[in-house]
There are 2 protein chains.
Amino acid sequence: MKKIQIKKEVSKNFKKHNHKLCYETSMKAFHKNCLEKNLKLTPLRLKVFELLLKDHRPIGAYQILDMLSKEGFSSTPPIAYRVLDFLIEQGFAHKIERFNAFIACSHPGSKHSPTFMICRKCDKVAEMCEKDSRLKLDKKSLSEFQIEESIIEIIGICKSCNQLETIKC
Amino acid sequence: MKKIQIKKEVSKNFKKHNHKLCYETSMKAFHKNCLEKNLKLTPLRLKVFELLLKDHRPIGAYQILDMLSKEGFSSTPPIAYRVLDFLIEQGFAHKIERFNAFIACSHPGSKHSPTFMICRKCDKVAEMCEKDSRLKLDKKSLSEFQIEESIIEIIGICKSCNQLETIKC
DNA sequence: AAGTCAATGTTATATTATAACATTAATTTA
DNA sequence: TAAATTAATGTTATAATATAACATTGACTT
Ligand SMILES: [Zn+2]
Ligand SMILES: [Zn+2]
Ligand SMILES: [Zn+2]
Ligand SMILES: [Zn+2]
C-alpha cells in the first residue's frame, strides 16, 4: 500500500489546495481510529463527519440538521448534538466557541486543546498543533492554577484574504 | 488624596481577599474612565457594572435581567445585551465564551484580548494581562495570519479548590 | 429466544441572542 | 428657549442554540 504524504502546513486550510486528498486523508484516519478504538462508525456519524470535513469552515448544529434532513436522516436537535458530542469526545471534532459551530479535527484520535486561527473574511479555520502554538504563563500563575483544558481562538485575516484586499486597493 | 495600593496578583480572585477594596478600586476606575472618555454613566450601566463586579464569577445576560428586574429596572433581553455591548466595547467587561457569560474587566479602559483562568470547581475567573500570559506562534503561522483578536480561556482548578480537595482526601 | 445495552428517534422545552420599532431624556442648534 | 437631533432606554416579537426526558430500534450477549 502506497503511503500518502501530505504537507502538514496549517495555513494550507486558507489556501487553494488539494482538498480531495485532504478530505480522504481525514476520512481514512477517522475509519482507522474507529476501528482501533472499537467505536461504532454508524451511517449518521459518518455523514456528520463528512459534513464537517467539507471546506475548513465550521458549521452550526442546525446547519448540520438541515443537511441531514436533505439526505433523509432524522433531524431533530438531539440527533446533531449527540453525534457532535461523540465526535468531540473521541477527538474527531472541535467546537469553535466564538461561533457556536463545529469543525473536523485536523489531528484526530485523542482529546486535545488546540489553537484555532479563524479568518473573519473567508470564515475558514485552521487548527494548530502544540508545536506551532504555545501559551506561556508566568511561573506564579502556573503554580496557582492547574490547567486541564484551554480554549484558544485567534481571530484575524488569513494571507489569501489579505492579498485579495491589497490587490483591490 | 491617599493613593490606594492594591496587590496586582491575578490569582487573588480565587482566594479570600479584601473584595470591598477590589470592588471600590474597579468602580473608581470605571467612573474615572467614563468621565475621561465622556461616556454617559447612566444608572442602568452603573447597576450592570456593579452586578458584574460582585464576586469574580461571570454571570449570564438572563441572570443580569433577573437582578435588574428585582431592583426595579426594566428587564427585557435587549436591555441587558445593549449595556453589555457598551461595557465590552468600551473595555469595561468581557464575555467568557465558554459560558456565554460576562465579567467585569480587571484592567478597564481600552479594548484588549486577555487570557482568562476559569476554575471549574468554584467558577471564579481571573483575568491575566499580556505580561503574565503570552501566546507564542511559530514564525510561519505568524507570517500567514494577521492577528486581530484572541480568545484565550484556560479551564482548570485554582489553588484554593485544589487544596480543599487534598484536605478532604 | 430473552436480555442487555448502545444508538437513534421524538416531543417538549430551556437558554442565549437579535431585529425592529416606540418612547423618553439629553444635547445641540436655531 | 423652542425645535431639532441624537443617544439611551423601553417593548414586542422572534431567531438561534442547546438540553431533558422518554420511546423505539437494532446489535450483541447470554
Ligand atoms: Zn482541505
Ligand atoms: Zn481568509
Ligand atoms: Zn475581589
Ligand atoms: Zn476554584
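Residue numbers begin at 1 in each chain, while the letters A, B, ... track the order of the sequences. Model, not experiment: these values are computed from the prediction.
- To the nearest angstrom, C1' of D/dA18 lies 14 Å from CZ of B/Arg98.
- Of the listed residues (A/Ile152, A/Ile154, A/Thr115, A/Ile151), just one forms a side-chain contact (heavy atoms from CB on, under 4.5 Å) with B/Ile152, and that residue is A/Ile152.
- Between A/His56 and A/His17, the two ring planes are tilted [angle within 30° to 60°].
- If you find the closest nucleotide of DNA chain D to A/Ala101 and to B/Phe86, the one lying nearer the 5' end belongs to B/Phe86.
- Regarding B/Leu41, its CG atom lies at a distance of 15 Å from the C1' atom of C/dA26, rounded to whole Å.
- A salt bridge does not link B/Asp138 to B/Lys140: none of the charged side-chain nitrogens sits closer than 4.0 Å to a carboxylate oxygen.
- Classification of A/Glu24 and A/Lys28 as a salt-bridged pair fails, no side-chain N sitting under 4.0 Å from a carboxylate O.
- A/Phe102 places its CZ atom 12 Å from the C1' atom of D/dA16, with the value rounded to the nearest Å.
- Atom pair A/Ile59:CD1 and D/dT17:C1' shows a separation of 15 Å (rounding to whole Å applied).
- Using a 4.0 Å cut-off, some side-chain N or O of B/Tyr81 falls inside it from OP1 or OP2 of C/dA17.
- Contact check on A/Glu144 versus B/Lys15 returns a salt bridge, with a Lys/Arg side-chain nitrogen under 4.0 Å from an Asp/Glu carboxylate oxygen.
- Between A/Ile103 and the choices A/Ile96, A/Ile59, A/Leu52, the side-chain contact (heavy atoms from CB on, under 4.5 Å) rule is met once, by A/Ile96.
- Whole-Å rounding puts the B/Leu65 CG to C/dA17 C1' distance at 11 Å.
- As a whole-Å value, the separation of B/Phe99 CZ from C/dA14 C1' is 18 Å.
- What separates CG of A/Leu46 from P of C/dA7 is a distance of 15 Å, to the nearest Å.
- One finds a side-chain N or O of B/Asn100 lying less than 4.0 angstrom from the OP1 or OP2 phosphate oxygen of C/dA17.
- OP1 or OP2 of D/dA18 has at least one side-chain nitrogen or oxygen of A/Lys95 nearer than 4.0 Å.
- In this structure, B/Leu87 places its CG atom 12 Å from P of D/dA8, rounding to the nearest Å.
- Distance alone, capped at 3.5 Å, is enough to place a donor-acceptor pair between the B/Glu153 side chain and the B/Arg98 backbone.
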Assign a letter to each nucleotide of nucleotides 8-13 of chain C from its 5' end: B, base within under 4.0 Å of a protein heavy atom; S, sugar-phosphate only; -, no contact. BBBB--
